> 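Mind having a look at this structure? Questions to follow.
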Amino acid sequence: MITVKTEKEIDLMREPCAIVRDTLAYVGSKIKPGVTTAELDEYAEKYIRSRGAEPSCLGYCGYPASICASVNEVVVHGIPGERVIREGDIVSIDLCAYKNGFHGDGARTFLVGEVSEEKRKLVRVTEECFFKAIENLRAGTPLYDIGAAVQRHAEENGFSVVRALVGHGIGREMHEDPSVPNYGKRGTGIRLKAGMTVCIEPMINMGGYEVDFMDDGWTVKTRDRKPAAHYENTVVIREDGVEILTI
Ligand code: MF3
Ligand code: CO
């Protein structure tokens, strides 16, 4: 069931979304060669709690941490641990915060020191995919126009779009309807309505779109082990466009 939020509910979502934005920036400032992803998780959890919010991911379906930290060939859902960040890595951080009865969700991919031209392009294009997706998005837009815009921009740049994972609605639950694929045919799908809140989250691979699910039950890697990038924001559909809550 897709929920349409009232203006009051959207106002309640502003705070968890702002906390997601600020936590992403804070964790990003801590990403340096030598730091472990477990340390990044600790920084994030402390910061989220210091703002009076809860890390929504912690304990979600048994997930053991407050953030997902996905390095290089890890597409998403990297479990923080002893992996040491190195110069040249790209590190995507995905996190959710719960406050006021609502969740916010966002992700960024950070560059560590000197990063290859190819990886920098991947990270740039992944962010651009999000902005292409929202360019013409407003009440009445068919849902799969989002994926069509992401797919077009990624593929025009020689990259591929992960199919096995998708964006989603968000609100009182971290994952609500509808699913928001990053691929699809323009002009198809339900028409979005003003007041829907969705997470648009391009996951873009440098090589092929296929992914492997690891035995830890969470980590998703590219099948060819080439790098992947992720960028995500929580947005509200408005009559005349979208409002981004996590920037
Ligand atoms: N933030 C992720 C998303 O975009 C959720 C990660 S799954 C979790 O849907 F278990 F880590 F929470
Ligand atoms: Co999400």
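Predicted, not measured: the structure shown is a model, and the values here were computed from it. Atoms within a ligand are numbered from 1 in the order they appear, just like the ligands themselves.
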> Between R108 and N233, is there a side-chain donor-acceptor contact under 3.5 Å, judged purely by atom types and distance?
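There is such a pair between these side chains.
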> Please give me the minimum heavy-atom distance between I90 and P227, naming the atom from each residue.
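For I90 versus P227, the nearest heavy atoms are CD1-CB, 4.1 Å.
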> Which of the numbered atoms in ligand 1 are below 4.0 angstrom from a heavy atom of H168?
3 (C), 4 (O), 9 (O)
> Looking only at the side chains, is there a donor atom on one of H77 and Y63 sitting less than 3.5 Å from an acceptor on the other?
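No, because no side-chain N or O of H77 sits under 3.5 Å from a partner of the opposite role on Y63.
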> Only heavy atoms of M174, strictly under 4.0 Å: list the atoms of ligand 1 that pass.
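Those atoms are 12 (F).
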> Which residue and atom name correspond to the protein heavy atom nearest atom 9 (O) of ligand 1, and how close is it?
H175 NE2, 2.5 Å
> Of all the atoms in ligand 1, which lie at a distance below 4.0 Å from a heavy atom belonging to C96?
1 (N)
> How about H168: does one of its N, O or S atoms come closer than 2.8 Å to the Co ion (ligand 2)?
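It does: H168 brings an N, O or S atom closer than 2.8 Å to the Co ion (ligand 2).
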> Spell out, as yes or no, whether a donor-acceptor pair under 3.5 Å connects the side chain of D41 to the backbone of T37.
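Judged by distance alone, no pair lies under 3.5 Å.
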> N/O of H77 under 3.5 Å from N/O of ligand 1, yes or no?
no
> Would D94 count as a polar contact of ligand 1, with the cut-off being nitrogen or oxygen pairs under 3.5 Å?
yes
> Tell me which N, O or S atom of E232 sits nearest to the Co ion (ligand 2).
OE2
> Among the N/O/S atoms of D105, which is closest to the Co ion (ligand 2)? Give the atom name.
OD2
> Is C61 near ligand 1, meaning one of its heavy atoms is under 4.0 Å from it?
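Flag not set, C61 not near ligand 1.
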> Using a strict 4.0 Å cut-off to heavy atoms of E201, name the atoms of ligand 1 that fall inside it.
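Taking each heavy atom of E201 in turn, ligand 1 has 3 (C), 4 (O), 9 (O) under 4.0 Å.
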> Can you name the atoms of ligand 1, numbered from 1 with element, that are less than 4.0 Å from a heavy atom of E232?
4 (O)
> Out of all atoms in ligand 1, which are within 4.0 Å of some heavy atom of C68? Include the element for each.
6 (C), 11 (F)
> Within ligand 1, which atoms have a heavy atom of C57 less than 4.0 Å away?
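What qualifies from ligand 1 is 8 (C), 11 (F), 12 (F).
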> In ligand 1, which numbered atoms sit nearer than 4.0 Å to a non-hydrogen atom of Y60?
8 (C), 10 (F), 12 (F)
